[in-house]
Amino acid sequence: MKADSPPSILKTDLTVLAVLAGFVIATFVFRDSLGLWVFIVVGLATLVQLFRVVFLRGDRGILKKLWDALKDGFWGIG
């Protein structure tokens with residue numbers, strides 16, 4: 001196997017399954033504070049999309065959807 005050859009499909013699939021299993025376990029362990037983590041992730045996605053809209057002419061529709069989800073998440077935490 002060459003050093004610059006792409007990884008096999010099976011190895012990639014197993015890696016994705018391992019990451020998914022890790023997420024499932026983390027969801028079970030941290031289920032009480034999951035809402036806060038989702039809120040943080042949506043907040044970061046909103047900031048990234050805002051940057052794209054302001055500087056790279058991104059899609060304003062996606063930004064509006066993320067902003068609405070961020071507001072809903074904020075009110076859901078309280």
Side-chain angles (χ1 to χ4, degrees):
M1 185 170 187
K2 296 180 185 176
D4 60 349
S5 66
S8 69
I9 302 257
L10 178 62
K11 189 173 182 180
T12 304
D13 289 346
L14 289 175
T15 303
V16 170
L17 285 174
V19 169
L20 183 61
F23 281 140
V24 169
I25 292 169
T27 300
F28 180 74
V29 171
F30 299 109
R31 65 185 174 269
D32 293 334
S33 62
L34 189 60
L36 180 62
W37 288 108
V38 170
F39 178 73
I40 291 170
V41 168
V42 171
L44 289 174
T46 303
L47 289 175
V48 167
Q49 187 63 24
L50 177 64
F51 175 81
R52 290 182 65 205
V53 166
V54 171
F55 295 107
L56 304 174
R57 300 185 190 269
D59 185 9
R60 290 183 185 269
I62 294 173
L63 179 61
K64 182 172 179 359
K65 289 178 186 176
L66 283 170
W67 179 248
D68 290 341
L70 187 67
K71 288 191 300 187
D72 291 343
F74 178 75
W75 294 116
I77 288 177

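Computed from heavy atoms alone, side chains included, the values below leave out hydrogens, waters and symmetry copies.
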*asked:* Could you work out, with side chain to side chain contact (heavy atoms under 4.5 Å, CB included) as the rule, every residue matching L50, not counting sequence neighbours?
replied: V54, L63
*asked:* Would you compute the distance between atom OG1 of T46 and atom CD1 of I62 and round it to the nearest 0.5 angstrom?
replied: 11.5 Å
*Name all residues meeting the side chain to side chain donor-acceptor pair (under 3.5 Å) criterion together with K65; count only those two or more places apart in sequence or in a different chain, and write none if there are none.*
none
*Could you give the distance from CG (L44) to CG (L66), rounded to the nearest 0.5 Å?*
11.0 Å
